Structures are given as structure tokens and as C-alpha cells.
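A short worksheet on the structure shown next.
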2 protein chains.
Amino acid sequence: MTIAEDEKIAAEHAHTTAWVASVLRARIAAGQLTPGSKLSEQSLSASLGVSRNTLRQAFATLEGESIVTRIPNRGVFVASPGVEEVREIYRVRRTIEPAAVLWGRPTAEALDAMESIISRAKAARDAGSVPDMANANQAFHETVVGLTGSDSLRELMDRVLAEMRLVFHAMASAPDFHTHYVDRNAQLVQRLRAGENELAAAELRAYLDAAEAELLGHLEGA
Amino acid sequence: MTIAEDEKIAAEHAHTTAWVASVLRARIAAGQLTPGSKLSEQSLSASLGVSRNTLRQAFATLEGESIVTRIPNRGVFVASPGVEEVREIYRVRRTIEPAAVLWGRPTAEALDAMESIISRAKAARDAGSVPDMANANQAFHETVVGLTGSDSLRELMDRVLAEMRLVFHAMASAPDFHTHYVDRNAQLVQRLRAGENELAAAELRAYLDAAEAELLGHLEGA
DNA sequence: GATTAGCGGATTGTTCAACAATATGTACGA
DNA sequence: TCGTACATATTGTTGAACAATCCGCTAATC
């Protein structure tokens, strides 16, 4: 009966809880579930064809990823990041991204991967595809953090970037935020290839400052 | 009947799930539940006086904090960090701690707090109290990361330090690991007071390298 | 005698139905 | 119009049940 039924059958016995969490994660990332909207246990468990209990457990997972917010006795809601959350996002990014650039290991593979991502970003920019640019930008900065070699930091960056997507979804008008930054990313790789890590880190910090300011400007303006 | 019954009554209606998670967190931190030991749903739910379902949800929380590991159809176990986990811990620390020192805001309050913590550490060292030294060391490095002003990074550092405690609990013989580092912490604060942030960051990285090497040596030796 | 196959018991994964506790919404009265 | 009391809906928690999976043991085979 339910739309998700078929997908479920395909992934059956692959741990329902994880499956539910991934479905919700995907729907939220796709903007199908908009920030601030309530996730009713009753309707969701019915529409997904799982019990309230397992849905609840999936909620616990997503809450741990701060994709979703639980208000006791009120329910869980899609996280809706505001000004303060954006500031926190950039506090994190301004700390770990320059650190990764400064002290990480820019292996040949990593640099190649970054350049390949930049190519995709440029293609997306020329094609005018905002979502592709957003994806490329996300992949790029994840690769940057990957220079540390740490999975925990990559996961944290993942969460932060997921929250960024929510910020964009929460904005009524989504301007071409990423257009300006494609070239900055390219420059960053150039610096790294030249071994100018300190300069790269400094420029990245300035870059993040500018991005935060621009984003905050859009948020205040709305 | 159960030991935890009384505590539960005191905290009743304060959200059972969170209470269970905090109890388990505390018991693990205290070394009462040793790394690698299995957490049986049946016995635990019985001894804590909660249903298997809520215990399960608490498990989901702790799993998100990577305090506990779940093996499908086998159960959940207290995380038992080994060599690779220690390496990962120090990858994280070597990234965010020097970054906090280099780019964070060493406010007067933060520096005072750090010095107060160092006093406690020295007192503990003179008294020969290893656990107090460990606690002080933990508090110190948490304050360091606090210089970033980011709660997410503080939480990540929290998780990492909790994992460090598990490492110590997993070691058969716990040597006075922290003794050597009290003075290093003090020196770090001096550097910060003098505004020598770059030097402080470099020394901190060397410090962390040495600590990792020493810890790995003890692990391999065992 | 060693190895593998199959069996039984125990534990986890998931569901269902119920009840208590809390929040929301509405009608009523001052 | 404002505040209060009640009715309703939703969440929080429980207990029991069943399927699926894993573990240890016995037994059959080579």
C-alpha cells in the first residue's frame, strides 16, 4: 500500500531501523521534508510500514546526527538551523578545515580527487546547475577534511555539511551561493600543489569568513 | 530489589531513556563496566527496572556516542579501543587542539580556568592520585578545545576523551601516564599568556605526538 | 581421531496492543 | 475579552509475543 513498501521489501532483513533512518535522511536531504516540519510517529510509522518502536529508534539515530530535533512530549521535528547554528557551523569549519590544510597530508590521490571535483563544479557552473554545484562544493570540502586521515573528523564535517543543506532548504530564495567559490577552491589546490600550506590555510580562513558573512546576510535579510 | 531502583525513583519521569543512558555512561566511565564486556538486554533491563525497549533506545544513544559497539544479532559491548582507535584519537586531537590554540580566543576567563585546573593537577600529582590527575588532564584539554567557542568540537573532544578513559581501563597496568604532562600544560598556558600562539600550537603538536607514542608503546608492550 | 553437519537453546530484532503522562484545542463562564 | 476546565490527540513506556540469527553441542562421516 505505502509508497515505501517496495523499497523496504528490497532491503528487507537488512536491519529495519537503519533502513528507516536512511530513508528519512534521504528525504530530508532532498528537501522533501522541509526544516521545522513535524515527524508524527503515527503517520510515519504507518506510511513506512514499520512499528512505532523501530521508528522511534531511528529517530534516536537521527537525533544523534542532529538532523532532527526532539522536543519532549511534543515530538521530533526536522532541524531548522538559524543564525546561531550557522555561526556554529562556521566555528567548526574555520577550525578543522584550515587545520587539515595546514597539517594534513596532501597526497597525490587527494589532490587529484580535489581537481576532479573542481572540474565537475566548473561544468555545473557552466550548465547553471545549482544542486550539482552544491554537491561538488560539499564533496570538495569533505575531501579537504579527509586530508587529516581521521574518520571522526570526516563524520563531523559530514554532519555540518548536512546542516548546511538544511540552511539552504530553509531559505526561501536560494541564490547562486556557490558560484563565487569554485575559483577559490581551485586556488586552494594550486597552493597545496606548490606546498604553500600556510598561505593556503590563511586564504581558506578568509574564504570561510566571507562565506559565513554572505550566508548570514541572506539569513538576516529574510 | 535492584540497586539502581532508588536512584530511578528519585529521577522518575525525567525521561527514562536519558536516565538509563546516563547510568550506563557513568558505569562505563567509572570502569565498573569494563571494555569488551557484553551488555545483555535481558539482565540489564531487569536490573535497571526498565523495559527492553527503552534500554534498546538508550543503547542507540550510546552507540551514537561510540561508547558502545553493536554487533548485529550478537549484542552490544562496551567499546574496547585498540591500537587503531588510539591512532584515530590522536589524529583528531592533533587537528583540533593546536587549531584551537592557534586560532581560538584565549580569553582571560579561559586562561584563569586553565591555570586553576593546572593547580589541581599539581596537587593531585603531589598527592600521587592518578585518577585526579587524569580528570584534571581531561578538563584541561577540554578547556583548550573550548577556545574555539564551538559546542560541536567540545562534544567531539568529550567523546574522544571518554574513549581515552576506556583505553586506560583496557590496559592491565595503568602507569602514571599523566605525570609528565602537567608541566607541559603549564608551559602551554604561559605561551598563551605571552601571545605566542604559533609556538604554543607547535609545542602542543609535539606534545601530542609524544603522548601518542608513549601510549602506543604501552599498548604494544601489553 | 578429526572434521563437518545438523540440532536445540538462548539472544537479538521487530511488532503489537495497552496505559500513563503531557500537550493542544475548544467551549464555557466571568 | 480573558482565563479556566474539559476533551482530545500525541508522546513515553511497558509487557508479551514471534521471527531471525547465532552459539555450543552432539552425532555422523571420512
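Computation of the quantities below employed the complete heavy-atom set of this structure, encompassing side-chain atoms and omitting hydrogens, waters and symmetry-equivalent molecules. Quick note on labels: first sequence line is chain A, next is B, and so on, each numbered from 1. As the structure is a prediction and not an experimental result, all values here were calculated from the model.
For the side chain to side chain donor-acceptor pair (under 3.5 Å) test, residues two or more places apart in sequence or in another chain that qualify with A/Asp112 are A/Arg193. Partners of B/Glu85 under the salt bridge (Lys or Arg N to Asp or Glu O under 4.0 Å) rule, at least two apart in sequence or in another chain, do not exist in this structure. With sequence neighbours left out, B/Asp158 forms a salt bridge (Lys or Arg N to Asp or Glu O under 4.0 Å) with no residue at all. Not a single salt bridge (Lys or Arg N to Asp or Glu O under 4.0 Å) links A/Asp132 to another residue, sequence neighbours left out.
Applying the side-chain hydrogen bond (donor to acceptor under 3.5 Å, both in side chains) definition to pairs two or more places apart or across chains, those involving residues 143-153 of chain A are A/Ser150-B/Glu88, A/Ser152-B/Glu88.
At least one side-chain nitrogen or oxygen of B/Thr54 sits closer than 4.0 Å to the OP1 or OP2 atom of D/dT14.
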Original post:
Does the pair A/Tyr207 and A/His180 meet the rule for a ring pair (Phe, Tyr, Trp, His ring centres under 6.0 Å), with working shown?
Top reply: CA-CA 10 Å; A/Tyr207 162 8; A/His180 326 299; over 10 Å; no
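Atom-to-atom, CG of A/Leu55 to P of D/dT10 comes out at 14 Å; the value is rounded to the nearest Å. Across the protein-nucleic acid pair, A/Phe77 atom CZ and C/dA23 atom P stand 12 Å apart, rounded to whole Å. B/Asn53 places its CG atom 13 Å from the P atom of C/dC16, with the value rounded to the nearest Å.
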Heteroatom pairs (N/O) under 3.5 angstrom, protein to nucleotides 7-13 of chain C:
| residue | atom | partner | partner atom | Å |
| --- | --- | --- | --- | --- |
| C/dG13 | OP1 | B/Asn73 | N | 3.4 |
| C/dG13 | OP2 | B/Arg56 | NH2 | 2.1 |
| C/dG13 | OP2 | B/Arg70 | NH2 | 3.4 |
| C/dG13 | O5' | B/Arg56 | NH2 | 3.1 |
| C/dG13 | N7 | B/Arg52 | NH2 | 2.8 |

